[in-house]
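Presented below is the structure to which this report refers.
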2 protein chains.
Amino acid sequence: MKRTGSNFKYSKETEELARFSKALGHPARIIILKHLSNQSCCYTGELLDVLPLAQSTISQHLKELKDAGLIDGEVSPPKIKYCIHTENWMKAQKLFDTLFKEDFKKIKCC
Amino acid sequence: MKRTGSNFKYSKETEELARFSKALGHPARIIILKHLSNQSCCYTGELLDVLPLAQSTISQHLKELKDAGLIDGEVSPPKIKYCIHTENWMKAQKLFDTLFKEDFKKIKCC
DNA sequence: ATAGTATATCGCAAATGTACGATTAATATT
DNA sequence: AATATTAATCGTACATTTGCGATATACTAT
């Protein structure tokens with residue numbers, strides 16, 4: 001993002017929604033999230049059986065989800081338990097909800 | 001996406017949700033969508049006043065939103081009216097809703 | 001016909017994303 | 001201590017995204 005000199009700033013909410021969306025913007029990561037929830041939350045590496053990807057690639061996707069704040073990893077040697085980050089997940093839910101609700105107020109026109 | 005030989009396929013829903021998410025994955029595009037809705041739907045190029053981006057860049061973002069199916073453009077010379085693509089928008093709403101609901105069934109664990 | 005307006009598209013540069021295999025790190029088990 | 005297991009990280013290759021200015025297109029108005 002360059003944004004040419006101008007010190008324009010997107011609102012925090014907008015940035016956040018974009019960040020969450022971006023994290024959801026790859027099918028593998030959606031699968032991961034669904035899997036995390038189905039398996040009653042915390043979980044990890046049998047993602048290798050679920051996704052057609054190399055271990056390192058999956059690890060990378062997990063990192064992105066973590067960076068976006070959607071999941072959380074707890075070390076529980078030798079494995080690592082990943083869970084959905086409840087607080088942020090709720091925040092994301094709310095942000096999406098708002099976006100869609102807002103937009104629906106005035107839809108249907110042209 | 002390479003996915004190594006294996007002819008794995010993500011489900012249509014997963015692909016779709018990822019596609020919508022990706023389109024929402026940039027603050028400028030979220031602004032555009034919000035703007036489209038606020039201005040009672042159809043609209044166009046005063047996005048130049050709303051966003052700190054070059055006209056060509058905005059045009060590109062619009063194209064991406066259109067490719068993702070979230071908006072629709074109707075020529076109305078000399079301008080072009082953009083609207084939210086109601087049908088797909090509702091579909092997106094439903095997909096996000098399902099994702100969050102699903103995940104909430106079993107949340108709160110670790 | 002000419003000029004003007006609104007947008008799209010092209011060509012480019014830089015940054016980011018996706019994927020892999022190989023390596024490293026941390027811990028558990030023997 | 002040596003080995004095995006799990007997962008992160010590194011280095012690399014290639015694709016995609018983001019942004020810009022310049023140019024092309026399409027239509028209006030003069």
Side-chain angles (χ1 to χ4, degrees), chain A residues 1-8 10 14-15 18-32 35-36 39 42-68 70-83, chain B residues 1-8 10 14-15 18-32 35-36 39 42-68 70-83:
Chain A
M1 261 160 262
K2 216 190 301 181
R3 253 172 273 151
T4 345
S6 84
N7 43 0
F8 179 93
Y10 293 108
T14 298
E15 293 272 15
R19 188 162 53 86
F20 289 141
S21 298
K22 202 170 178 183
L24 290 170
H26 191 291
R29 293 196 288 269
I30 288 179
I31 302 259
I32 290 174
H35 195 75
L36 280 183
Q39 304 297 320
C42 314
Y43 235 92
T44 182
E46 77 275 9
L47 292 170
L48 278 166
D49 300 329
V50 178
L51 289 165
L53 297 170
Q55 179 263 321
S56 58
T57 305
I58 290 175
S59 203
Q60 236 173 211
H61 282 304
L62 285 168
K63 183 168 155 38
E64 271 177 74
L65 286 171
K66 201 159 65 177
D67 288 348
L70 290 175
I71 66 173
D72 220 1
E74 289 179 32
V75 189
S76 155
K79 305 193 183 185
I80 295 190
K81 281 209 293 189
Y82 278 107
C83 329
Chain B
M1 263 161 258
K2 217 191 298 180
R3 253 172 272 150
T4 345
S6 83
N7 42 1
F8 180 92
Y10 292 109
T14 298
E15 293 272 15
R19 187 163 54 86
F20 288 141
S21 298
K22 202 170 179 182
L24 290 170
H26 191 290
R29 292 196 288 269
I30 288 179
I31 302 260
I32 290 174
H35 195 75
L36 280 183
Q39 303 298 320
C42 315
Y43 235 91
T44 182
E46 78 274 10
L47 292 169
L48 277 165
D49 300 329
V50 178
L51 290 165
L53 297 169
Q55 178 263 320
S56 59
T57 306
I58 291 175
S59 203
Q60 236 172 212
H61 282 303
L62 286 168
K63 183 169 156 37
E64 271 177 75
L65 286 171
K66 201 159 66 177
D67 288 348
L70 289 175
I71 65 173
D72 220 2
E74 288 179 31
V75 189
S76 154
K79 304 194 183 185
I80 296 190
K81 281 209 293 191
Y82 278 106
C83 328

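What you are looking at is a predicted structure, and each value in this text was computed from that prediction instead of being measured. Hydrogens, waters and symmetry mates are skipped; everything else that's a heavy atom, side chains included, is used. Throughout, a chain's letter reflects where its sequence line sits, starting with A, and its residues are numbered from 1.
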Separation of dA8(D) atom P from Lys66(A) atom NZ, nearest Å, is 6 Å

Rounded to whole Å, the CD1-P distance (Ile30(A) to dT18(C)) equals 12 Å

Please determine whether a side-chain nitrogen or oxygen atom of His61(B) lies at a distance below 4.0 Å from atom OP1 or OP2 of dG19(D). yes

The residue, Gly25(A) or Leu62(B), whose nearest nucleotide of DNA chain C is more 5′ is Leu62(B)

Just to confirm, is there a sub-4.0 Å distance from OP1 or OP2 of dA8(D) to any side-chain nitrogen or oxygen of Tyr82(A)? yes

Residue pairs passing the salt bridge (Lys or Arg N to Asp or Glu O under 4.0 Å) test with at least one member in residues 52-65 of chain A, sequence neighbours excluded, are Arg29(A)-Glu64(A), Lys63(A)-Asp67(A)

Residue set satisfying side-chain hydrogen bond (donor to acceptor under 3.5 Å, both in side chains) with Thr57(A), at least two apart, ordered chain then number -> none

The reported gap from NZ in Lys66(A) to CG in Asp72(A) (rounded to nearest 0.5 angstrom) is 8.0 Å

Between CD of Glu74(B) and P of dA6(C) the distance, given in whole Å, is 19 Å

Quiz item: Gln55(B) side-chain donor-acceptor pair to dA6(C) base, under 3.5 Å | no

_Side chains of Leu24(B) and Leu24(A), heavy atoms from C-beta outward: is any pair under 4.5 Å?_
no

Quick note, Ala54(A) side chain, CB onward, closest among dA8(D), dG21(C), dT18(C) is dG21(C)

Taking dA8(D), dA8(C), dT16(C) as options, the one with an atom nearest any side-chain atom of Lys22(A) is dT16(C)

Any side-chain N or O of Thr57(A) below 4.0 angstrom from OP1/OP2 of dA19(C)?
no

One should read off an interatomic distance between Leu36(B) CG and Leu62(B) CG, to the nearest 0.5 angstrom, of 7.5 Å

Whole-Å distance, Leu48(B) CG to dT7(C) P, equals 8 Å

Between protein and nucleic acid, restricted to nucleotides 10-13 of chain D and to nitrogen or oxygen atoms under 3.5 Å apart, what atom pairs and distances do you find?
none

Across all chains, not counting sequence neighbours, the side chain to side chain contact (heavy atoms under 4.5 Å, CB included) partners of Ala23(B) are Leu65(B), Ala68(B), Leu70(B)

Against the side chain of Ile80(B), the closest entry in dT18(D), dT7(C), dA7(D) is dT7(C)

Taken to the nearest whole Å, CG/Leu51(B) to P/dT7(C) is 14 Å

* Which word best sums up how the rings of His61(B) and His26(B) line up, parallel for under 30°, tilted for 30 to 60°, or perpendicular for over 60°? -> tilted

To the nearest angstrom, the NE2-C1' distance between His26(B) and dT16(D) comes to 13 Å

Whole-Å distance, Ile32(A) CD1 to dA7(D) C1', equals 13 Å

Rounded to whole Å, CG of Leu53(A) lies from P of dA7(D) at a distance of 15 Å

